[in-house]
Amino acid sequence: MSRASREKGKRGEREFAEVLRGMGINARRAQQFAGNEGTADLKTSIPGLHVEVKRRANIGAARFMDQAERDCLPNDLPIVALREDRGSWLILVKAQELPRLIDKILAERQM
């Protein structure tokens, strides 16, 4: 990996740590040891949370979010469910909308 790629990765990790801190979650870049087992990109105040940060020029799945945002009603919360063949389901949601999604899930569970 080139130095420029490593620096871009570090910037992405710092940026996302700031996003989490904005949500009231203590987060910082973790000590990196070449991606050994159990080594996350970020350390957070949430026990058992493993955060990997990927910052790329183009992420194909982002186009799916663009579609969800175009197609949803004004007050709806757009999310995208993704699954590769023989893979597990993944949920794509904008980071700033994560607290809103959590609130909606908790409200539904209390009914």
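Here the structure is a predicted model, which is why all the values come from computation and not from measurement.
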Heavy-atom closest pair (A30 atom, K43 atom, distance to 0.1 Å) is CB-CG, 3.6 Å
Mind checking whether L90 and L49 sit in one hydrophobic cluster, side chains of I, L, V, M, F, W, Y counted as touching below 4.5 Å?
no
### Task
May I ask whether V51 and I59 are part of the same hydrophobic cluster, defined by side-chain heavy atoms of I, L, V, M, F, W, Y residues being less than 4.5 angstrom apart, directly or through others?
no
Enumerate donor-acceptor pairs with a distance under 3.5 Å from any side-chain N or O in residues 98-106 to protein atoms, sequence neighbours excluded.
residue : atom : partner : partner atom : Å
R100    : NH1  : E97     : OE1          : 3.4
R100    : NH2  : N75     : O            : 2.5

ask   = With the 4.5 Å side-chain cut-off for hydrophobic clustering, are I91 and F16 part of the same group?
value = yes
- prompt: Do Q67 and R63 have side-chain heavy atoms sitting under 4.5 Å apart?
  reply: no
| said: Could you tell me if the side chain of M23 sits less than 4.5 Å from the side chain of R21, heavy atoms only? | reply: no
*asked:* Under a 4.0 Å threshold between the charged nitrogen and the carboxylate oxygen, would E13 count as salt-bridged to R28?
replied: no
Can any side-chain N or O of N26 pair as donor or acceptor with the backbone N or O of S45 at less than 3.5 Å? no
K8 NZ: over 12 foreign heavy atoms closer than 6.0 Å: yes
The side chain to side chain donor-acceptor pair (under 3.5 Å) partners of K10 (sequence neighbours excluded) come to E7
Rounded to the nearest 0.5 angstrom, the CZ-CG distance for F64 and L92 is 9.5 Å
Sorted by chain and residue number, the side chain to side chain donor-acceptor pair (under 3.5 Å) partners of R6 (sequence neighbours excluded) come out as none
Side chains of residues 77-84: which donor-acceptor partners sit under 3.5 Å, not counting sequence neighbours?
none

R55 meets the side chain to side chain donor-acceptor pair (under 3.5 Å) criterion, sequence neighbours left out, with none
Sorted by chain and number, sequence neighbours left out, side chain to side chain donor-acceptor pair (under 3.5 Å) with S88 holds for none
One should read off an interatomic distance between I25 CD1 and T44 OG1, to the nearest 0.5 angstrom, of 7.0 Å
